[in-house]
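Here is how names work: the chains are called A, B, and so on, in the same order as the sequence lines, proteins then strands, and each is numbered from 1.
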Amino acid sequence: MATETALDKVISLAKRRGFVFQSGEIYGGSRSAWDYGPLGTELKENIKAEWWQTFVRGRGDMVGLDSAIILPSAVWEASGHVATFTDPLVECLQCHKRHREDHLIEAFEDKHGRTPADMSEVPCPDCGTKGKFTEPRAFSGLVKSYLGVLDDASGLHYLRPETAQGIFVNFNNVVTTARKKPPFGIGQIGKAFRNEITPGNFIFRTREFEQMEIEFFTHPEDAGQWFDHWVEACYSWFTDLGLNPDNLRKFDVPEEERAHYSAGTIDLEYRFGFQGSEWGELMGIANRTDYDLGSHTKASGAKLQYFDQGTGERYTPYVIEPSFGLTRSMMAFLVDSYTEDEAPNTKGGVDVRTVLKLHPKLAPIKAAVLPLSKKSELAEPSQKLAAELRKHWNVDYDDAGAIGRRYRRQDEIGTPFCITVDFDTLEDQAVTIRDRDEMTQERVSLDQVTSYLATRLI
RNA sequence: GGGGGUGUAGCUUAAUGGUAAAGCCCCAGCCUUCCAAGCUGGCUACGCGGGUUCGAUUCCCGUCACCCCCUCCA
């Protein structure tokens with residue numbers, strides 16, 4: 001229950017302070033997507049930058065890619081998405097529950113050992129009523145668009161439901177131009193689109209979302225060890241950025257629940273505290289085998305294979321795919337860092353203090369410059385300091401209201417350091433730097449502020 | 001798409017068949033030498049469209065949005 005309340009508070013804070021806005025709010029809003037406000041944009045960009053550094057630039061066996069959202073329809077036919085993302089659904093006229101028609105038929109076959117003559121024989125699994133179903137309707141998970149000026153089927157295209165396929169179809173291009181040989185991987189960050197039947201849970205499930213994906217190509221014999229490597233690397237990425245391991249777990253996805261391409265999947269789940277199921281999927285690491293390169297090779301005729309000069313072996317690499325939900329990760333970092341503690345007030349008591357204990361690398365604002373008074377003799381050195389710090393970081397400047405209130409405002413959005421310029425500054429050329437988590441203060445010479453922050457914002 | 005619920009300011013609430021109040025937040029000014037202080041002032045709302053009515057935020061109908069459940073998934 002406590003985490004559930006925390007989730008509500010985080011959502012409220014995110015809207016109130018400009019992390020996330022409802023998309024199209026002035027027209028009533030849409031839950032298909034969300035807009036990211038000034039602080040949310042910074043946080044999201046920081047997460048992307050950390051990911052890119054850790055998994056792409058920071059590794060010799062990885063390169064980056066930015067492929068198109070709109071690809072030829074043939075890509076999605078070859079990948080299996082057109083077939084498997086389209087499910088015929090029927091609705092029971094009695095209890096109005098919806099079911100996949102093929103699942104109902106399979107269940108009937110399992111029970112009776114024969115195929116039903118027609119749907120009139122098939123009972124509803126919920127209410128038991130036989131044969132009272134609507135006509136099957138196709139529910140496609142793919143978002144469609146029509147390209148070209150003729151608004152007809154000849155222009156039908158799909159927005160990508162995952163960034164992965166853009167990587168697979170560029171396999172040969174990257175191998176040749178980046179001169180990479182397995183084991184190596186390609187990373188990509190970008191938007192993807194899926195027609196979720198029911199979007200919801202804030203930014204957790206949306207129709208437009210952002211992924212950070214890696215397709216790691218390896219010799220089939222080494223796929224298992226690379227799979228294990230990536231599970232650990234992904235887990236560590238989250239915990240290194242401060243995510244509480246108690247709220248992060250690995251879930252071995254059973255075969256019947258895996259995606260059509262997967263021979264093995266481990267999901268990393270975070271304890272969001274949703275109603276119903278507490279845990280929500282942050283990302284998945286899947287062994288896609290040679291499914292994708294094989295499918296595209298067959299469909300396109302291009303040989304998406306690797307020829308090993310040393311052994312003389314030609315093979316289709318296996319793919320280990322760590323696929324992160326960027327917006328889900330952002331939500332997890334927000335929920336995980338949300339803290340309430342106590343802070344003294346001027347009346348001699350204590351108040352509840354809201355703090356986002358975000359890792360300094362993720363914090364949207366790294367430091368705030370707070371002149372103790374609005375008087376011009378303090379404003380001038382304060383502005384100068386802020387301008388200097390902005391050469392390196394996103395820095396806020398706030399001279400409105402009592403100093404305690406300004407500290408709270410920064411705590412609430414996770415700013416690691418507040419720098420107070422007071423009247424002594426004019427004499428000793430030093431400022432007070434306050435730590436977000438400990439609320440301790442330290443006097444630091446003006447010419448040392450940049451290096452002070454630099455050693456702590458890592 | 002079906003079932004259930006909810007719509008008054010950024011948030012939490014109030015009142016009313018005669019166009020709406022308060023607290024918090026926010027903004028401006030005063031004050032203020034380090035943890036949401038005080039004083040003065042200010043911005044901001046009846047989701048939308050019809051109907052009934054002299055008059056609708058209130059009653060009725062429709063619609064839209066959001067929440068929960070069914071389903072899907074990063």
Side-chain angles (χ1 to χ4, degrees), chain A residues 8 11-13 15-18 21-22 24-31 84-85 87 89-100 103 125-126 134 137 139-141 161-164 191-207 209-213 253 257 259 265 267-269 274-276 280-286 321-329 331 342-354 370-375 378 400-412 418 420-425 431-432 434 439-441:
Chain A
D8 291 338
I11 293 170
S12 171
L13 173 65
K15 292 177 181 174
R16 179 160 44 85
R17 292 306 307 270
F21 303 126
Q22 190 179 20
E25 191 180 9
I26 64 169
Y27 288 106
S30 161
R31 61 182 165 167
T84 62
F85 266 51
D87 303 320
L89 295 190
V90 295
E91 189 173 310
C92 173
L93 294 169
Q94 189 69 33
C95 68
H96 298 292
K97 295 278 169 59
R98 284 196 309 206
H99 304 280
R100 280 179 58 167
H103 285 180
D126 282 285
T134 59
R137 298 180 58 181
F139 273 81
S140 174
E162 59 173 18
T163 65
K191 294 216 170 185
F193 303 82
R194 294 183 190 179
N195 266 327
E196 299 294 342
I197 297 171
T198 309
N201 279 329
F202 194 42
I203 55 176
F204 184 77
R205 182 183 294 121
T206 51
R207 295 192 171 120
F209 60 102
E210 241 169 317
Q211 294 184 308
M212 305 183 290
E213 291 195 306
V253 182
E257 290 179 27
T265 300
D267 283 346
L268 294 190
E269 298 185 329
F274 296 132
Q275 288 192 351
E281 187 182 344
L282 268 187
M283 67 165 303
I285 300 109
E321 176 195 66
S323 174
F324 295 66
L326 167 58
T327 35
R328 286 183 177 184
S329 298
M331 186 168 162
E342 291 183 335
N345 62 29
T346 46
K347 288 169 286 194
V350 290
D351 290 321
V352 173
R353 180 179 78 128
T354 300
L370 313 174
L372 206 52
S373 158
K374 268 185 178 173
K375 288 188 166 49
L378 291 193
I403 187 69
R405 170 181 298 278
R406 284 180 267 165
Y407 285 151
R408 294 296 191 282
R409 279 198 280 249
Q410 297 299 333
D411 290 340
E412 196 175 56
C418 287
T420 309
V421 178
D422 57 26
F423 290 97
D424 290 342
T425 303
V431 292
T432 303
R434 169 195 181 265
M439 289 187 281
T440 50
Q441 301 186 334

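- The separation between A:Phe202 atom CZ and B:A65 atom C1' is 17 Å, rounded to whole Å.
- Residue A:Arg205 places a side-chain atom within donor-acceptor reach of the base of B:C73, judged by atom type and a 3.5 Å distance cut-off alone.
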Under the 3.5 Å Watson-Crick or G-U criterion, the dot-bracket string of RNA chain B, with | for inter-strand pairs: (((((((..((((....[..)))).(((((.......)))))....(((((..]....))))))))))))....
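- Checking A:Ile203 against A:Ser12, the closest nucleotide of RNA chain B that is more toward the 5' end is the one next to A:Ser12.
- A:Tyr407 has its side chain out of reach of A:Arg353: every pair of non-hydrogen atoms, C-beta onward, lies at least 4.5 Å apart.
- Separating the CD atom of A:Glu281 from the P atom of B:U71 is a distance of 17 Å, rounded to the nearest angstrom.
- With a 4.5 Å cut-off on side-chain heavy atoms, A:Leu13 and A:Glu412 count as touching.
- Separation of the C1' atoms belonging to B:C11 and B:C64 is 23 Å when rounded to the nearest angstrom.
- Between A:Phe193 and A:Arg207 there is no side-chain heavy-atom pair separated by less than 4.5 Å.
- Taking atom C1' in both B:U12 and B:G50, one finds a spacing of 32 Å when rounded to whole Å.
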B/S/- contact track for nucleotides 32-43 of chain B, protein heavy atom under 4.0 Å: -BBBBB------
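- Comparing B:C68 with B:U19, their P atoms are spaced 38 Å from each other, to the whole Å.
- Residue-level contact check: A:Leu370 touches neither bases nor backbone, having no heavy atom under 4.0 Å from any strand.
- Using a 4.5 Å cut-off on side-chain heavy atoms (C-beta onward), A:Arg406 and A:Cys418 make no contact.
- The closest side-chain heavy-atom distance from A:Phe423 to A:Lys375 is below 4.5 Å.
- Across B:C70 and B:U8, the matching P atoms stand 27 Å from one another, rounded to whole Å.
- Taking atom CZ on A:Arg16 and atom P on B:C25, their separation rounds to 11 Å, with Å as the unit.
- When the P atom is compared between B:G10 and B:A45, the two are found 7 Å apart, to the nearest whole Å.
- Nearest heavy atoms, A:Glu213 versus A:Ala164: OE1-N, 2.7 Å.
- To the nearest whole angstrom, the two C1' atoms, one in B:G23 and one in B:C61, are 36 Å apart.
- Minimum interatomic distance between A:Lys374 and A:Ala400 (heavy atoms only, all atoms of both residues): CE-CA, 4.3 Å.
- Straight-line distance between the C1' atoms of B:A20 and B:U44: roughly 14 Å, to the nearest whole Å.
- Between A:Phe204 atom CZ and B:U71 atom C1' the separation is 15 Å, expressed in whole Å.
- Here B:G10 presents its P atom at 13 Å from NZ of A:Lys15, a figure rounded to the nearest Å.
- Spacing between B:G51 and B:U58 at atom C1', rounded to whole Å, works out to 15 Å.
- A:Met283 is not listed as a side-chain neighbour of A:Ser329, based on a closest heavy-atom distance of 4.5 Å or more.
- Between A:Asp411 and A:Arg434 there is a side-chain heavy-atom pair separated by less than 4.5 Å.
- Put simply, CG on A:Asn195 is 13 Å from P on B:C73, counting in whole angstrom units.
- A distance cut-off of 5.5 Å between ring centres, combined with a plane angle under 30°, leaves A:Phe324 outside any stacking arrangement with the base of B:A74.
- When every heavy atom of A:Ala343 is checked against every heavy atom of A:Arg408, the shortest pair comes out as CB-NH2, 3.0 Å.
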